[in-house]
Amino acid sequence: MSDEVKDMRSNLIKLCGEAEGYLEQHFSTILGSLPEDQNPLDHLNIFPYYSNYLKLGKLEYDLLSQHSSHVPSKIAFVGSGPMPLTSIVLAKFHLPNTTFHNFDIDSHANTLASSLVSRDQDLSKRMIFHTTDVLNATEGLDQYDVVFLAALVGMDKEAKVKAIEHLEKHMAPGAILMLRSAHALRAFLYPIVDSSDLKGFQLLTIYHPTDDVVNSVVIARKLGGSTTNGVNGTRGCMFMPCNCSKVHAIMNNRCKKMMIEEFSAIE
């Protein structure tokens with residue numbers, strides 16, 4: 001791309017990120033203001049992209065399951081925002097016994113997010129919110145089996161790499177890092193995470209959706225640990241080599257060719 005197009009793309013990513021933040025804030029405020037006898041989580045379908053989050057959550061859960069021999073007990077989501085739909089979807093539909101620690105730099109976002117789950121008897125006990133810049137979070141990051149990094153944490157390459165380097169420094173060896181990326185023209189909406197950005201991690205999977213789910217999914221493992229000794233010395237994730245036949249089970253037929261090519265590039 002020419003410098004002019006690169007600048008256009010950078011500005012568009014920032015504009016879309018700001019718009020997405022306002023969108024989440026708007027609908028989180030509406031849901032949080034429902035009458036006290038209503039659970040906001042029963043009305044998430046009013047959010048325009050809720051169905052996309054359902055698809056993305058299922059995809060990420062299935063991909064994560066391919067590389068883990070156990071159900072994670074604690075997950076961190078960095079950049080959870082005022083409407084932490086990824087954590088909510090995973091907690092409600094896929095990981096009913098997992099605790100989710102949501103990190104965001106914006107205290108108002110965390111207040112809105114906390115209000116969403118406060119009336120839910122289950123999630124109010126399994127959703128914890130931390131107001132901090134991830135670059136200031138050091139102690140405790142090694143307690144998580146899985147760390148998610150939101151697509152809009154690090155709006156440019158330098159900031160994204162800085163966040164990944166910080167997580168690599170403080171995550172537990174053997175823990176999984178899941179990232180949102182973008183592919184082809186979708187990279188005009190979200191930043192791209194390249195394999196070269198993942199120093200200190202073993203790249204396990206890159207998956208590019210071909211439906212209306214915009215974000216690509218990148219999964220990596222923090223190097224330096226045993227595959228049988230996980231966080232806090234307990235039995236942790238067992239990471240398997242890339243197995244296309246297993247991954248195909250979670251995809252429709254039109255995605256198979258793309259996935260095989262992606263795994264070939266990794267190997």
Side-chain angles (χ1 to χ4, degrees), residues 15-65 71-134 137 140 144-153 155 178-180 189-190 209 211-215 217:
L15 180 64
C16 289
E18 185 177 1
E20 187 171 320
Y22 283 128
L23 182 73
E24 290 190 11
Q25 181 177 319
H26 175 70
F27 280 94
S28 186
T29 300
I30 292 175
L31 290 168
S33 62
L34 290 173
E36 288 295 327
D37 60 342
Q38 296 188 42
N39 183 347
L41 301 188
D42 293 336
H43 304 277
L44 292 175
N45 60 306
I46 73 168
F47 186 70
Y49 303 123
Y50 180 56
S51 61
N52 292 64
Y53 276 94
L54 290 175
K55 293 177 183 179
L56 183 57
K58 178 64 164 61
L59 169 64
E60 290 177 326
Y61 171 74
D62 287 341
L63 290 172
L64 177 62
S65 298
V71 177
S73 61
K74 295 173 66 176
I75 288 178
F77 194 98
V78 178
S80 48
M83 204 164 183
L85 281 173
T86 298
S87 294
I88 291 171
V89 168
L90 289 173
K92 279 176 63 71
F93 302 114
H94 305 295
L95 296 166
N97 298 309
T98 301
T99 300
F100 288 79
H101 289 251
N102 301 283
F103 292 80
D104 202 279
I105 195 172
D106 187 341
S107 60
H108 182 55
N110 275 339
T111 298
L112 291 173
S114 180
S115 177
L116 281 182
V117 302
S118 62
R119 292 179 232 170
D120 189 277
Q121 291 187 354
D122 175 30
L123 265 62
S124 61
K125 300 174 184 176
R126 295 193 290 122
M127 287 280 209
I128 300 169
F129 296 91
H130 307 271
T131 300
T132 184
D133 186 332
V134 64
Y144 301 107
D145 304 295
V146 180
V147 176
F148 280 80
L149 184 64
L152 297 177
V153 174
M155 299 287 281
M178 298 196 69
L179 309 100
R180 305 271 173 80
L189 299 176
Y190 292 100
D211 55 12
D212 54 346
V213 175
V214 176
N215 288 118
V217 180

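Quantities reported herein were computed from a predicted structural model and do not represent experimental measurements.
Checked against ring pair (Phe, Tyr, Trp, His ring centres under 6.0 Å), Phe100 has no partners two or more places apart in sequence or in another chain. Partners of Asn102 by side chain to side chain donor-acceptor pair (under 3.5 Å), not counting sequence neighbours, listed by chain and number: Ser87. Qualifying side-chain contact (heavy atoms from CB on, under 4.5 Å) partners for Asp37, counting only residues two or more places apart in sequence or in other chains: Pro35. Residues passing the side chain to side chain donor-acceptor pair (under 3.5 Å) test with Asp120, sequence neighbours excluded: Asn39. Not counting sequence neighbours, the partners of His130 by the ring pair (Phe, Tyr, Trp, His ring centres under 6.0 Å) test are His101, Phe103. Take Thr131 and apply the side-chain contact (heavy atoms from CB on, under 4.5 Å) test, not counting sequence neighbours, and it matches Ser107, Asn110. In this structure, Tyr50 has no side chain to side chain donor-acceptor pair (under 3.5 Å) partners at least two apart in sequence or on a different chain. Residues that satisfy the side-chain contact (heavy atoms from CB on, under 4.5 Å) test with Met155, not counting sequence neighbours, are Ile13, Lys14, Leu152. Under the side chain to side chain donor-acceptor pair (under 3.5 Å) criterion, Ser73 pairs with Asp145, not counting sequence neighbours. With sequence neighbours excluded, no residue forms a ring pair (Phe, Tyr, Trp, His ring centres under 6.0 Å) with Tyr49. The side-chain contact (heavy atoms from CB on, under 4.5 Å) search around Thr29 returns Gln25, Leu112, not counting sequence neighbours.
Between Pro82 and Ser28, the closest heavy-atom pair is O-OG, 2.8 Å. Of all non-hydrogen atoms in Pro72 and Ile75, the two that sit nearest each other are CG-CD1, 3.9 Å. Across every non-hydrogen atom of Pro40 and Leu34, the tightest pair is CA-CD1, 4.0 Å. Of all the heavy atoms in Ala113 and Pro84, the pair that sits closest is CB-CD, 3.5 Å. Minimum interatomic distance between Asp104 and Gly81 (heavy atoms only, all atoms of both residues): OD2-N, 2.8 Å. Contact between Val153 and Leu149 at its shortest, heavy atoms only, is CG1-CD1, 3.6 Å.
Residue pairs satisfying the salt bridge (charged side-chain N to carboxylate O under 4.0 Å, His left out) criterion with at least one member in residues 121-134, sequence neighbours excluded, are listed as follows: Asp122-Arg126.
The CG atom of Leu116 sits 10.0 Å away from the CD atom of Glu24 when rounded to the nearest 0.5 Å. Separating the CG atom in Leu41 from the OG atom in Ser118 is a distance of 8.5 Å, to the nearest 0.5 Å. The structure places CG of Leu44 at 6.0 Å from CG of Leu85, a figure rounded to the nearest 0.5 Å. Considering CG of Asp42 and CD1 of Ile46, their distance stands at 12.0 Å, rounded to 0.5 Å. To the nearest 0.5 Å, atoms SG (Cys16) and CG (Leu23) are separated by 11.5 Å. A distance of 13.5 Å separates OH in Tyr61 from CZ in Phe93, rounded to the nearest 0.5 Å.
In this structure, the side chain of Asn52 engages the main chain of Asp212 through a donor-acceptor pair within 3.5 Å.
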Walk me through whether Leu56 and Arg180 qualify under side-chain contact (heavy atoms from CB on, under 4.5 Å). CA-CA 10 Å; Leu56 183 57; Arg180 305 271 173 80; 3.5 Å; yes
Checking side-chain contact (heavy atoms from CB on, under 4.5 Å) for the pair Asn215/Glu60: CA distance, chi angles, key distance, verdict? CA-CA 11 Å; Asn215 288 118; Glu60 290 177 326; over 6 Å; no
After noting the C-alpha distance and the side-chain angles of Leu90 and Phe148, does the key distance pass the side-chain contact (heavy atoms from CB on, under 4.5 Å) rule? CA-CA 12 Å; Leu90 289 173; Phe148 280 80; 3.7 Å; yes
Please test Tyr53 against Met83 for side-chain contact (heavy atoms from CB on, under 4.5 Å), starting from the C-alpha separation and ending with a verdict. CA-CA 11 Å; Tyr53 276 94; Met83 204 164 183; over 6 Å; no
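Using a 4.5 Å heavy-atom cutoff, the side chains of Val71 and Asn97 are not in contact.
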